[in-house]
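Ligands are counted one by one from 1 in listed order, and the atoms in each one are counted from 1 as well.
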Amino acid sequence: MYESIFILKGNIIYSKSASELEICEHGYLVCENGEVRGVYQTLPFEFGGIPVTDYEDRLIIPGLVDLHVHAPQYSYRGLGMDMELLEWLETNTFPEESKFRDLDYARQSYRVFTDNLRKSATTRACIFATVHRRATLLLMDMLEETGLSTMVGKVNMDRNCPDYIRESSAEESAEDTVEWIKDVVHKKYEHTRPILTPRFTPSCTDELMEKLKMVQMRYDLPLQSHLSENPGEIAWVKELCPWSAFYGDAYDKFGLFGMDCPTVMAHCVYSGEEEIARIKENGVFIAHCPESNMNIASGVAPVRRFLEEGLHVGMGSDVAGGSTENIFAAMSHAIQASKLRWRLLDDSLKPLAVEEVFYMATKGGGEFFGKVGSFEPGYELDAVILDDSRLEHPQPLDVKKRLERLIYFSDDREVFAKYVKGNRLF
Ligand code: GUN
Ligand code: FE
């Protein structure tokens with residue numbers, strides 16, 4: 001009767017909304033053809049005889065979603081954090097990313113990134129590569145092998161960066177992008193999809209943006225970029241695009257701001273009223289990257305405002321602005337940053353709570369991938385089984401408290417098993 005059906009048993013946790021955390025202790029999660037059939041406290045009679053994997057007292061949560069991470073930056077995590085964005089890009093990012101012209105170097109560096117992402121609690125990610133199309137394809141090959149479900153972008157940049165990494169013209173950048181997409185189509189990946197990736201407005205000429213819109217329409221591609229991260233960057237965009245009403249408008253003028261295709265913008269620390277309204281109107285996703293925003297002294301995004309407005313918000317590690325791919329760390333950083341923002345800057349937005357960061361890291365970001373990030377019926381089954389026995393406590397704790405502790409101080413040692421779209425990775 002069923003093509004493929006199995007059941008996971010354990011302490012099941014998932015979000016229905018930013019304020020509603022569902023917990024089913026010692027419950028059953030039924031997965032059919034890669035999707036959630038339902039969560040049950042007692043197993044309905046119709047599922048009798050179906051194999052049950054009993055994870056006992058462990059926690060079962062939806063796989064975490066990293067909406068913004070730079071794979072080539074993994075190797076210099078934690079370095080050069082005494083600079084702001086634009087100086088940090090010149091000093092750390094561009095020299096390191098230029099090394100990915102060499103496929104041997106790319107393979108070595110991407111091996112560390114893909115191994116660690118596979119072991120983490122992340123099941124989905126939107127990933128920046130570099131301008132190099134062959135190294136980007138190599139990264140996609142390696143990610144495909146992990147079984148994670150990812151979107152990966154060859155970066156475009158044809159201005160305002162050193163010669164050794166700048167694409168020589170808008171034409172070359174767009175043509176290379178098309179060649180890369182053709183290669184990707186040819187590969188017939190099951191889990192790995194391309195995403196258009198203009199680095200940010202300062203790196204891309206108007207001509208390149210126009211061409212990328214044509215590429216987007218031809219291949220129906222989602223898009224990822226950066227938005228309103230740092231005051232110096234925003235002032236620069238105003239100079240480069242004097243015709244724009246605000247930073248996001250500089251993408252929107254080219255049709256690259258969510259109106260046709262799913263779009264995710266990292267940061268939005270300084271998005272003003274008009275920009276927030278446009279983000280909402282166009283259904284743009286925001287990747288909130290609190291650790292990066294602290295490390296390179298960008299600021300703190302008004303995340304509660306975004307949630308209250310009903311915007312799509314997910315979490316991003318933004319390695320190497322962020323120092324770790326661990327999205328649990330991103331969640332605790334989001335809470336901590338929101339408290340400082342509330343105390344020091346704006347007491348109208350109260351600090352974020354566990355329910356809210358858990359929602360952003362699962363269902364909020366998951367929506368960028370479709371019905372992903374929850375255990376409600378019909379969602380694709382991404383599940384992570386967490387074993388918190390290493391995090392000893394002298395007394396028994398309830399499931400919500402165990403989740404809170406995992407958010408604040410777990411890492412890949414707590415990831416006991418992992419499923420993506422119903423396939424068990426380990
Ligand atoms: N803006 C443009 N490029 C980058 C990058 O690599 N990291 C971050 N955090 N912001 C950017
Ligand atoms: Fe980034």
Classify the ring geometry of H226 against H70: parallel below 30°, tilted from 30° to 60°, perpendicular beyond 60°. parallel

Residue-atom pairs from the protein, N, O or S only, that lie under 2.8 Å from the Fe ion (ligand 2): H68 NE2, H70 NE2, H226 NE2, D318 OD1

Which of the ligand 1 atoms, numbered from 1, are nearer than 4.0 Å to a heavy atom of H267: 9 (N)

Look at K400 together with D398 and state whether they make a salt bridge at an N to O cut-off of under 4.0 Å. no

Among all protein heavy atoms in this structure, tell me which lies nearest to atom 10 (N) of ligand 1, with the distance rounded to 0.1 Å. E229 OE1, 2.8 Å

Using ring centroids (six-membered ring only for Trp), state whether F254 and W243 fall under 6.0 Å. yes

Decide whether an N or O pair under 3.5 Å exists between D318 and ligand 1. yes

Thinking salt bridges, do R166 and D163 make one under a 4.0 Å N-O criterion? yes

Would you say W88 contacts ligand 1, with heavy atoms under 4.0 Å as the rule? yes

What about H312 and F306, are their ring centers closer than 6.0 Å? no

Give the ring-plane orientation class for Y105 versus F100, where under 30° counts as parallel, over 60° as perpendicular and anything between as tilted. perpendicular

Has ligand 1 got any nitrogen or oxygen that is less than 3.5 angstrom from a nitrogen or oxygen of Q73? yes

Plane angle bin for F6 and Y419 - parallel if under 30°, tilted between 30 and 60°, otherwise perpendicular: parallel

Keeping E291 on the side-chain end and G322 on the backbone end, is there a donor-acceptor pair under 3.5 Å? no

Give the ring-plane orientation class for Y251 versus Y247, where under 30° counts as parallel, over 60° as perpendicular and anything between as tilted. parallel

Please list, in number order, the atoms of ligand 1 under 4.0 Å from a heavy atom of L85. 1 (N), 8 (C), 10 (N), 11 (C)

H267 and H288 aromatic centres sub-6.0 Å: no

Does any N or O atom in R199 lie less than 3.5 angstrom from one in ligand 1, N or O only? yes

Close N or O approach (E233, ligand 1; < 3.5 Å): no

